Undergrad: 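Pasting a structure below so you can have a look.
Note that the coordinates shown come from a computational prediction; the quantities given were computed from them, not determined experimentally. Read the numbers this way: they start at 1 and go in the same order the structure lists the ligands and their atoms. We're numbering straight along the sequence, starting at 1.
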Amino acid sequence: MKSLPKDFDAFSDARRQGFLKAKEIKDRGENIVGVFCTYTPKEVIYAAGAHPVSLCASNDETIPEAEKHLPKNLCPLIKASYGFALTDKCPYMYFSDLVVGETTCDGKKKMYELLGEIKDTHIMNLPNMKDEDSLKLWRKEIEKLISRLEEKFNVKITEEKLRNSILSCNKERKILKEFYSLGKLVPPPISGYEIYKVLEGANFTFNKEEQNNRLIKMIEHLKEVHKNNEGPISKSAPRILITGCPIGGVYEKVVKPLEELGGVVVAFESCSGIKNLEELVNEQENPIDALAKKYLNIPCSVMSPNKGREDIIKNLIEEYKIDGVVEVVLQACHTYAVESYNIRRIVTKDKEIPYIALETDYSQADFGQIKIRMEAFLELL
Ligand code: BJ8
């Protein structure tokens with residue numbers, strides 16, 4: 001059995017290594033913009049000569065502090081995002097010159113009001129529908145972000161700069177997509193846990209050229225592993241699709257047991273996975289129009305209706321030969337919790353495969369319970 005290529009370590013360690021890189025960036029006098037959400041049009045940040053970085057929100061370390069200001073019964077992702085800012089424990093937040101947030105769910109947009117007291121924050125007014133008027137509004141919001149960044153960093157964001165950053169972000173998306181599409185192979189040459197580590201690591205990698213080259217080498221290596229039948233996954237392992245809320249704070253207690261118990265996660269519909277990377281920005285159109293369309297089209301549950309997510313899940317079930325779907329709903333996330341009714345319906349009725357919804361938070365209290373439920377679920381597949 002062939003081991004993972006050494007380039008994998010660069011991704012699994014990217015978050016920690018990124019701290020040092022962020023410091024180097026600041027030492028060189030360059031700017032960093034902290035982001036929380038897939039809706040942030042990062043091409044605009046690159047076009048301003050700044051570096052976008054995902055802010056810490058994926059463990060419960062700072063939640064007790066956050067709960068001094070926020071209600072306990074709130075999504076753990078929101079509490080952790082605020083807690084890291086409040087306690088100064090996220091180096092990326094510390095190094096960020098500006099934080100960009102969007103009016104996604106109610107909890108997040110109200111939390112941003114408090115965050116604005118701690119950190120220079122720019123909020124984009126994200127519409128919750130995908131019609132023509134919403135597109136105009138979102139386009140305006142992108143223009144406002146451009147003005148804000150120009151003013152903040154004393155730069156000019158030209159059409160040419162936007163076009164260049166669209167080209168390079170699309171290039172990154174295409175390579176990441178080729179990487180996660182390895183999950184289509186039977187058996188996949190890499191576990192879902194490792195796929196997720198790489199996708200997550202890309203959020204903390206500043207040098208995108210280096211990242212692309214590493215990924216291309218890994219893809220070649222893993223294709224070879226598959227061709228020679230040298231991979232670690234059994235051909236008969238039940239193939240799982242993960243959907244729902246972002247899983248950065250819970251993948252250890254959801255993905256790991258699923259795979260230790262004999263299943264394999266072959267696709268992630270959630271943020272960090274396909275939701276963000278599937279659709280490219282149109283390179284021929286006016287760049288602001290193209291960015292507005294691409295980002296407004298992201299199929300997150302904060303949109304109403306959100307038919308795109310159902311279509312993606314149906315396609316993924318076919319393309320990745322999915323045997324069962326696991327939906328992760330973070331505690332108090334109403335939009336995903338409500339949508340889970342429709343998702344269960346399309347998975348079990350239209351596609352006739354098993355589905356399970358797990359409501360959880362960032363604590364370890366339900367670790368044993370999740371494992372037992374995963375075991376029972378895998379027995380159905
Ligand atoms: S594009 S999934 S990152 S909004 S914070 S909605 S889990 S209650 S994170 Fe999200 Fe952007 Fe959508 Fe992705 Fe629910 Fe929690 Fe709100 Fe959340």
Undergrad: Classify the side-chain pair Arg214/Thr205 by whether it contains a donor and acceptor separated by less than 3.5 Å.
TA: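 No pair is found: no donor N or O on one side chain lies under 3.5 Å from an acceptor on the other.
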
Undergrad: Decide, counting backbone as well as side-chain atoms, whether Cys105 has an N, O or S atom less than 2.8 Å from atom 14 (Fe) of ligand 1.
TA: no

Undergrad: Closer than 3.5 angstrom, by distance alone: can the side chain of Ser301 be matched with the main-chain N or O of Glu339 as a donor-acceptor pair?
TA: no

Undergrad: Checking Lys197 against Phe11: charged group under 6.0 Å from the ring centre and within 45 degrees of the axis?
TA: no

Undergrad: Show me which atoms of ligand 1 lie under 4.0 Å from any heavy atom of Cys271.
TA: 1 (S), 2 (S), 3 (S), 13 (Fe)

Undergrad: May I ask you to say whether Lys293 pairs ionically with Glu285, meaning some side-chain N is under 4.0 Å from a carboxylate O?
TA: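 So Lys293 pairs with Glu285 through a salt bridge.
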
Undergrad: Taking only heavy atoms of Tyr39 into account, list the atoms of ligand 1 that are under 4.0 Å away from them.
TA: 1 (S)

Undergrad: Mind checking whether Leu296 and Arg139 have side chains closer than 4.5 Å, heavy atoms only?
TA: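 Not touching, per the 4.5 Å side-chain cut-off.
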
Undergrad: May I ask which of Cys245, Pro299, Ser270 has a heavy atom nearer to atom 7 (S) of ligand 1 than the others do?
TA: Cys245

Undergrad: Applying a 4.0 Å heavy-atom criterion (strictly less than), which segment of Ile78 is in contact with ligand 1: side chain, backbone, both, or neither?
TA: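 Only the side chain of Ile78 comes within reach of ligand 1.
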
Undergrad: Any heavy atom of Pro246 closer to ligand 1 than 4.0 angstrom?
TA: yes

Undergrad: What part of Cys75 sits under 4.0 Å from ligand 1 if we count only heavy atoms: the side chain, the backbone, both or neither?
TA: side chain

Undergrad: Under 6.0 Å between ring centres, would you say that holds for Tyr295 and Tyr39?
TA: no

Undergrad: From atom 12 (Fe) of ligand 1, work out which of Ala80, Cys333, Cys300 has a heavy atom at the shortest distance.
TA: Cys300

